[in-house]
There are 2 protein chains.
Amino acid sequence: MSDAPLTDRGQVAERAASSAAFSPLYQQIKGLLLQSLDRGDWKPGEAIPSELELAARFQVSQGTVRKAIDELAAENLLLRRQGKGTFVATHHEAKVRFRFLRLTSDDGKQAVSGSQILGCQRVKAPADIAALLELRSPDMAVNIRRLLSFDQVPTILDDIWLPAAVFRGLTAETLASYKGPLYAWFESEFGVSMVRADEKIRAVNAGAEAAQLLQVEPGNALLQVERVSYTYGDRPMEVRRGLYVTERFHYRNSLN
Amino acid sequence: MSDAPLTDRGQVAERAASSAAFSPLYQQIKGLLLQSLDRGDWKPGEAIPSELELAARFQVSQGTVRKAIDELAAENLLLRRQGKGTFVATHHEAKVRFRFLRLTSDDGKQAVSGSQILGCQRVKAPADIAALLELRSPDMAVNIRRLLSFDQVPTILDDIWLPAAVFRGLTAETLASYKGPLYAWFESEFGVSMVRADEKIRAVNAGAEAAQLLQVEPGNALLQVERVSYTYGDRPMEVRRGLYVTERFHYRNSLN
DNA sequence: CAGTGGTCTAGACCACGTG
DNA sequence: ACGTGGTCTAGACCACTGC
């Protein structure tokens with residue numbers, strides 16, 4: 001079977017080694033690559049095997065592998081670099097950060113100047129959080145509250161929920177000792193790669209506590225962003241509720 | 001030159017008929033297709049010539065045309081339909097609307113129930129609007145104000161600015177007589193296809209006038225969305241400032 | 001049935017990065 | 001010089017649409 005002439009192979013399916021569904025060959029290859037990414041065969045930042053090697057491994061042409069990789073690159077799971085290879089996307093890069101941090105200074109230039117941890121504890125997941133994280137009701141969750149400042153000005157108040165079963169060893173101490181983007185930390189410390197997120201945005205009036213922490217008047221309009229982040233395979237791994245001060249900052253978006 | 005054997009053609013450039021820069025052949029083809037779209041050679045909703053015909057016309061292989069079309073389809077300028085052909089994207093479709101209307105009911109189901117025109121006049125473009133529309137300061141602009149309702153509830157207050165030179169014949173009357181999405185009307189009536197938009201989002205407290213029109217308390221938090229929409233060639237064609245009531249609706253976004 | 005886009009292959013050559 | 005991804009071609013066949 002696997003030695004049949006290539007030109008009149010007739011049906012496409014069942015060439016690739018393992019499982020995978022029907023559909024185009026390159027989709028099956030894409031599925032296999034996704035499995036490898038999910039399993040951690042190749043770590044974030046590392047190069048995956050070359051197109052020719054993958055083609056040999058899967059017994060398909062380079063063009064077919066190429067199309068599979070093209071799609072994964074378009075989804076920002078892989079990163080192609082001509083002459084060097086194809087790499088697993090990582091949050092340990094400036095570029096990637098701005099895909100997930102959409103709040104921008106009105107005058108263009110800024111950077112996070114500080115992150116203050118307000119709290120970090122393991123609690124039984126509330127019903128709404130459990131539903132979003134696809135947990136069973138009695139499961140535990142890690143709840144982090146923090147305050148981000150831009151140019152020393154408190155700007156983002158985050159309330160973050162994570163499945164405790166996955167984020168073992170996450171404590172206030174280990175968290176406080178880490179500097180840099182949370183998602184980069186999740187990646188290297190817990191093997192969780194955030195790949196995609198959905199956000200729901202509203203405007204709300206600041207309550208007493210938020211107003212105090214963000215140093216605005218109670219009742220001031222704040223941007224509320226509820227985010228659910230997903231790893232490979234669309235598995236939700238984080239729920240984040242943020243309150244943004246949008247006096248000198250705005251949430252930028254592009255509609256294509 | 002144009003009859004040289006294809007296999008050792010050596011350099012890529014200068015094969016396609018007219019101008020276009022260097023770079024890959026398929027990028028040049030893409031440029032030519034964009035010109036045709038911009039010129040209106042093919043109208044929104046119409047089919048463009050088949051891949052084979054375009055390949056013959058440009059003296060390249062079908063694969064090269066294919067790659068050019070792939071990119072245009074990825075940018076939502078073209079729409080491929082297997083077995084039928086490739087079509088110019090149009091706002092006269094349900095799908096496309098939701099690319100630009102990101103406000104969604106919390107319970108998923110809703111539709112615009114009404115659009116009330118509050119004003120429509122030609123005025124000298126204010127400096128900030130002129131800058132965004134890339135007009136010279138003395139140029140005229142059309143200013144439309146309208147109120148959109150969802151399920152009979154006033155929800156969006158829009159302040160829209162258009163370059164008057166392009167939107168000739170746009171009056172309160174012609175505007176009022178049209179039902180349906182504005183962008184669909186712009187397309188068929190003024191030959192302006194909106195292809196892309198950038199948005200800046202903030203939370204603001206409702207002023208007296210907005211509060212009255214949107215039937216909320218003054219000071220209530222509203223979502224403010226400032227949008228600049230572009231046609232082919234990244235030419236800005238609309239500035240829109242919207243105030244959204246986000247009590248039972250939210251702005252949805254996906255981060256990839 | 002003919003025509004369209006969709007998939008797959010094989011092979012040549014280019015452009016880039018590194019040793 | 002070599003290996004990587006990037007471009008281009010040519011040709012076969014599949015899948016869908018509509019006459």
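Numbered from 1 within each chain, the chains take letters A, B, ... in sequence-line order.
Protein atom CD1 of A:Ile48 is 12 Å distant from nucleotide atom C1' of D:dT4, rounded to whole Å. For the pair B:Gln62 CD and C:dC8 P, the computed distance is 15 Å after rounding to whole Å. Atom CZ of A:Arg66 is separated from atom P of D:dT4 by 13 Å (rounded to the nearest Å). Rounding to whole angstrom units, NZ of residue B:Lys67 and C1' of D:dC8 are separated by 10 Å. As a whole-Å value, the separation of A:Tyr26 OH from D:dC14 P is 17 Å. Rounded to whole Å, the distance from CD1 on A:Ile29 to C1' on C:dC8 is 11 Å. The interatomic distance linking B:Gln59 (CD) with D:dT9 (C1') rounds to 14 Å, in whole Å. Summarising the geometry, the separation between CD on A:Gln27 and P on D:dA15 is reported as 15 Å, rounded to the nearest angstrom.
Every residue was checked against the side chain to side chain donor-acceptor pair (under 3.5 Å) condition with A:Thr246, not counting sequence neighbours, and none meets it. Under the ring pair (Phe, Tyr, Trp, His ring centres under 6.0 Å) criterion, B:Phe190 pairs with B:Phe167, B:Trp185, not counting sequence neighbours. Under the side chain to side chain donor-acceptor pair (under 3.5 Å) criterion, A:Ser36 pairs with A:Arg39, A:Asp41, not counting sequence neighbours. Every residue two or more places apart in sequence or in another chain was checked for a salt bridge (Lys or Arg N to Asp or Glu O under 4.0 Å) with A:Asp151, and none qualifies. Applying the side chain to side chain donor-acceptor pair (under 3.5 Å) rule to A:Thr104 yields the partners A:Arg252; only residues at least two apart in sequence or on another chain are considered.
When distances are taken from the side chain of A:Val60 to each of C:dT9, D:dT7, C:dG6, the shortest belongs to C:dT9. In this structure, the nucleotide among D:dC8, C:dG5, D:dG6 sitting nearest to the side chain of A:Glu51 is D:dG6. The side chain of A:Leu25 approaches C:dT9 more closely than any other nucleotide in the set C:dT9, C:dG6, D:dT9. Minimum atom distance to the side chain of A:Ser50 is reached by D:dG5, of the listed D:dG5, C:dC8, D:dC8.
Salt bridge annotation for B:Glu238-B:Arg240: present, with a cationic side-chain nitrogen under 4.0 angstrom from a carboxylate oxygen.
For the pair A:Thr64 and C:dT9, the criterion of a side-chain N or O lying under 4.0 Å from OP1 or OP2 is met. For B:Ser61 and D:dA10, the shortest distance from a side-chain N or O to OP1 or OP2 is not below 4.0 Å.
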Salt bridge (Lys or Arg N to Asp or Glu O under 4.0 Å) evaluation trace for A:Arg57 with A:Glu53
CA-CA 6 Å; A:Arg57 179 182 305 183; A:Glu53 186 182 331; 3.3 Å; yes
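Shown for residues 74-88 of chain A: residues whose heavy atoms fall under 4.0 angstrom of DNA chain C, namely A:Gln82, A:Gly83, A:Lys84.
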